[in-house]
Amino acid sequence: MRASAQSRRQPAKPHTPQIKADMLTLRYKPQAGTLLYNVHTRIDQFVHSDSTDFRGVLRSDAQLAFHNLAIDYKKGIWAFEEYFAKFGVAGHDLLGDSVLLNERWVVNRITDLTYNMKGDELSKVVRDTMKLLNAEAQTNAYFFEPPRMLIPLPEHPITYGDVWSEHRVDTVHVRDTINTGITSGEYIYDVSRTYHLARLLDTDNRYFAIIAATDTGVFHGFQTNSETKVTSQASGPISGADTTVLNLVSGCVIKRTLEMDIPANVTLSSAPPFVDKLAVYSIVTLDESNATKLNNH
């Protein structure tokens with residue numbers, strides 16, 4: 001009987017670690033190698049004036065790579081190279097003309113970045129002559145490049161209902177030499193973000209923190225064209241929301257989505273004012289299969 005009972009015993013199940021939501025410390029945990037992200041961004045533009053309305057759309061498809069150079073867990077410092085593996089923009093402008101741009105001058109141009117494990121940028125050096133030639137690409141790139149993809153993480157352990165916030169003033173310098181004349185100017189995004197731990201997700205024994213944010217702020221911008229001599233100034237409120245999916249074991253961002261609305265009042269030096277409404281949607285996802293195939297720089 002004893003031998004029979006022993007033969008019927010089931011093997012012990014492997015221990016599965018449990019991540020509890022009572023108090024949780026969020027940190028990035030970069031590993032050796034390269035992370036490659038697929039990026040899809042769409043900006044719908046609606047221009048309303050007293051005389052007529054115009055609609056346009058810009059869609060960008062890019063791949064953004066992070067190649068780790070040095071990781072010091074004791075000091076909490078992470079150094080890596082950031083570069084685009086590809087960047088293209090398509091769609092149609094306000095006049096209905098097709099837009100198809102391939103930003104080849106930005107591909108494989110490296111920027112050296114140093115972050116801490118909470119997502120704060122400590123240094124940034126553009127090593128190569130990296131330049132987006134089109135104003136359309138410069139606009140799209142803002143919504144997913146660091147530090148917007150690497151959100152700040154709180155200093156202390158958190159639980160459901162805890163919130164933390166940040167305030168940033170980001171300036172995008174515009175210089176377009178591809179379209180008519182030379183267009184130059186600045187776009188300023190003054191944004192406050194409030195984050196909270198929305199929930200935890202357990203999928204096939206992989207644990208993820210879902211971090212949601214609410215964005216509010218003000219947009220200011222101006223640009224001047226060297227050939228038409230037209231200067232435009234724009235300003236308006238910013239509202240939006242974004243969600244980050246953070247792998248709690250590997251410490252990397254798996255997915256980031258962003259939605260933002262910017263209804264801007266535009267004044268021109270040579271025409272009546274009008275309203276230019278931008279609706280932005282961006283999704284960034286980790287491409288784990290391609291990441292292992294990238295060559296190290």
J.: Would you call D61 and R59 a salt bridge, taking side-chain N to carboxylate O under 4.0 Å as the test?
T.: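 R59 and D61: not salt-bridged.
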
J.: Would you say V284 and V253 make side-chain contact, with heavy atoms under 4.5 Å?
T.: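 SC-SC contact between V284 and V253 ruled out.
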
J.: Would you check if there is a donor-acceptor pair between the side chains of S165 and T194 at a distance under 3.5 Å?
T.: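 No donor-acceptor contact under 3.5 Å links the two side chains.
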
J.: Side-chain contact, heavy-atom cut-off 4.5 Å: D162 with P154?
T.: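 Answer no - side chains too far apart.
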
J.: In this structure, are over 12 heavy atoms from other groups packed under 6.0 Å from K277 atom NZ?
T.: no

J.: Under 3.5 Å, is there a donor-acceptor pair between the side chain of Y115 and the main chain of Y28?
T.: no

J.: Quick one, V230 with Q223, criterion side chain to side chain contact (heavy atoms under 4.5 Å, CB included). Give me CA distance, side-chain angles, the key distance, then yes/no.
T.: CA-CA 8 Å; V230 174; Q223 62 182 35; over 6 Å; no

J.: Within a radius of less than 6.0 Å around NZ of K255, do more than 12 heavy atoms belonging to other residues, nucleotides or ligands occur?
T.: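 Counting other residues, nucleotides and ligands, NZ of K255 stays at 12 neighbours or fewer.
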
J.: Distance-only, no hydrogens or angles: does the W164 side chain make a donor-acceptor pair with backbone N or O of P152 under 3.5 Å?
T.: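 Such a contact is found between W164 side chain and P152 backbone.
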
J.: Verify side chain to side chain contact (heavy atoms under 4.5 Å, CB included) between K124 and L113, making sure each step is shown before the conclusion.
T.: CA-CA 5 Å; K124 179 178 182 178; L113 292 162; 3.4 Å; yes

J.: Using the rule that Ile, Leu, Val, Met, Phe, Trp and Tyr join whenever any side-chain heavy atoms are under 4.5 Å apart, tell me whether Y73 and I77 fall into a single cluster.
T.: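 No; tracing contacts between hydrophobic side chains, which count when under 4.5 Å, never links both residues.
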
J.: Do the rings of F66 and F80 sit parallel, tilted or perpendicular, given the 30° and 60° boundaries?
T.: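 Answer is perpendicular, since the angle exceeds 60°.
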
J.: Could you tell me whether the side chain of K29 and the main chain of L248 form a donor-acceptor pair under 3.5 Å?
T.: yes

J.: Could you tell me the separation between the CD1 atom of I254 and the OG1 atom of T285, rounded to the nearest 0.5 Å?
T.: 10.0 Å

J.: So do the side chains of E259 and D261 get within less than 4.5 Å of each other, counting heavy atoms only?
T.: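 E259 does not reach D261 side chain to side chain.
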
J.: How far does CG of L258 sit from OG1 of T41, to the nearest 0.5 angstrom?
T.: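 OG1 of T41 is found 8.5 Å from CG of L258.
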
J.: Identify the two heavy atoms, one from A209 and one from L200, that lie closest to each other, and give their separation to 0.1 Å.
T.: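 Of all heavy-atom pairs spanning A209 and L200, the closest is CA-CD2, 3.9 Å.
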
J.: Between D72, L122, L69, L150, which is the residue that forms a side-chain contact (heavy atoms from CB on, under 4.5 Å) with W78?
T.: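 When side-chain contact (heavy atoms from CB on, under 4.5 Å) is applied between W78 and each of D72, L122, L69, L150, only L150 qualifies.
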
J.: Return the OH to CG distance between Y195 and D242, rounded to the nearest 0.5 Å.
T.: 6.0 Å

